Number of protein chains: 2
Amino acid sequence: MATDIPADGYSSKRTAEIVGVTYRQLDYWTRTGLVKPTLGAATGSGSRRRYDYRNLLELRAVKTLLDAGIRLEHVREVFSYLSEHLDEDVTQVNLVISGTRSVAVRSGDEIIDLLRQGQGVLNILPLAGVKEDLDSKIIDLYPEDHLAAPETGPAVAEG
Amino acid sequence: MATDIPADGYSSKRTAEIVGVTYRQLDYWTRTGLVKPTLGAATGSGSRRRYDYRNLLELRAVKTLLDAGIRLEHVREVFSYLSEHLDEDVTQVNLVISGTRSVAVRSGDEIIDLLRQGQGVLNILPLAGVKEDLDSKIIDLYPEDHLAAPETGPAVAEG
DNA sequence: GATCGAAGTCACAGTGGTGTAGTTCCGTTG
DNA sequence: CAACGGAACTACACCACTGTGACTTCGATC
């Protein structure tokens, strides 16, 4: 099964399409260190970046936060935390951002608890939605590639 | 009792101090229409703006959202809604921002419901905290003025 | 009507990009 | 194997937004 998943990931252009940002924006984010293309960073003009499925998940979460009106600077702060926790069962977790603190929260009750102590604003990002959006976008754009999906998602790269 | 509350409100400088922003920032927000000093807009160099207690509440909410990393542009969108609902018992309400939509939500259960349908990010601002912070800041900075507080808050202006 | 505090104005800085024009790598062709 | 062509990274200039600091100008008050 594992050999069904090409290991060469996604190109910048394709990643941008899937995530729903411009190439220039993805380039900017990558150059400024917001994301690191797991399967290969750029080494100069003509080299190619390679993003994996997890990168896509991260990028989609970033875009969702930006669309919600959160400043990129703030997303950056939050993001080191988020990227460590995308491994957990993403569909069961809500990301809660309280000021500069972030936590992964599993149940609604926990969120209510946080609300009670709540200083400032809670930003709640249901990660299940992020994954859903991402997967359907991949299938949408490249249905023919979507033949052997691993548990982590479609994750089928271009070939 | 009503006569105990000076009707001339708060000057720009004082408002900035209480809300916890620079004078220049408050000036910028006011010039660009984010807030309108209820008790008197500027009519040219040398004129004086006058903010009332409700303005302070609005401004404090704005600052809280900004501190939470939300873009001013987004705060502007949300704000027309918020300013209409600051009348309700502020200490009982949470402001929930979902995308560009805003709602006032009373109980935690309602928030959980919103989370379930949740597209994108929920930004939750407990307004009780906003009022508390504001009031204690007023008393902090100007204890001698705090003699006749109306139900809406300290609301005692300079004189 | 002088003084002084606050509003106005202008220029500039940092963030978060975007458009365009190279530049380089890499696979293909001759 | 060398030249070619295209994809995609890079560099540079430029934009809007969100301020800030410095200086000017005006209105209220004494």
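Lettering follows sequence order; numbering is per chain, from 1. On a predicted model such as this, the values are computed, not experimentally measured, just so you know.
- If you check distances only, the side chain of Arg24(B) does reach the base of dT9(C) with a donor-acceptor pair under 3.5 Å.
- The number of heavy atoms from other shown groups lying within 6.0 Å of NZ (Lys13(A)) does not exceed 12.
- For Arg76(A), whose side chain is taken as the heavy atoms from C-beta onward, the closest listed nucleotide among dG16(C), dA8(D), dT18(D) is dG16(C).
- The side chain of Lys13(B) lies closest to dA6(C) when the candidates are dA6(C), dT20(C), dC25(C).
- When rounded to the nearest whole Å, the span between NZ of Lys63(B) and C1' of dG19(D) equals 14 Å.
- Contacts of Arg71(B) with the nucleic acid, taken as non-hydrogen atoms under 4.0 Å apart, are absent.
- Between the side chain of Asn55(B) and the main chain of Asp52(B), a donor-acceptor pair closer than 3.5 Å is present.
- No donor-acceptor pair closer than 3.5 Å links the side chain of Ser98(B) to the backbone N or O of Arg101(B).
- Rounded to whole Å, the distance from CD on Glu73(B) to C1' on dC17(D) is 8 Å.
- Listed nucleotides: dG19(D), dT9(C), dA7(C). Nearest to the side chain of Ser12(B): dA7(C).
- Here dT20(D) presents its C1' atom at 13 Å from OH of Tyr23(B), a figure rounded to the nearest Å.
- The two residues Val105(A) and Glu110(A) come nearest to each other via the heavy atoms CG1-CB, 3.3 Å.
- Taking the side chain of Arg48(A) as heavy atoms from C-beta on, and the options dG17(C), dA6(C), dA8(D), the nearest nucleotide is dA8(D).
- Contact check, Arg49(A) against dA7(D): no side-chain N or O comes under 4.0 Å of OP1 or OP2.
- Here the side chains of Val93(B) and Arg106(B) are in contact, with some heavy-atom distance below 4.5 Å.
- Between the CG atom of Leu26(A) and the P atom of dA8(D) there is a distance of 12 Å, rounded to whole Å.
- Out of dA7(C), dT10(D), dG17(C), the shortest distance to the side chain of Ser47(B) is found at dA7(C).
- Closest contact between the side chain of Gln25(A) and the listed nucleotides dT20(D), dG16(C), dG17(C) involves dG17(C).
- Heavy atoms of Thr32(B) sit nowhere under 4.0 angstrom from any nucleic acid atom.
- Among the nucleotides dG8(C), dG16(C), dG19(D), the one closest to the side chain of Asp27(B) is dG8(C).
- Note: CG (Leu34(A)) to P (dT15(C)) measures 15 Å, nearest angstrom.
- Separating the NE2 atom of His74(A) from the P atom of dG14(C) is a distance of 22 Å, rounded to the nearest angstrom.
- Note on Trp29(B): every side-chain N or O is 4.0 Å or more away from OP1 and OP2 of dT18(D).
- Rounded to whole angstrom, the span from the CZ atom of Arg50(A) across to the P atom of dC26(C) amounts to 12 Å.
- Spacing between atom OH of Tyr28(B) and atom P of dT18(D) amounts to 5 Å, rounded to whole angstrom units.
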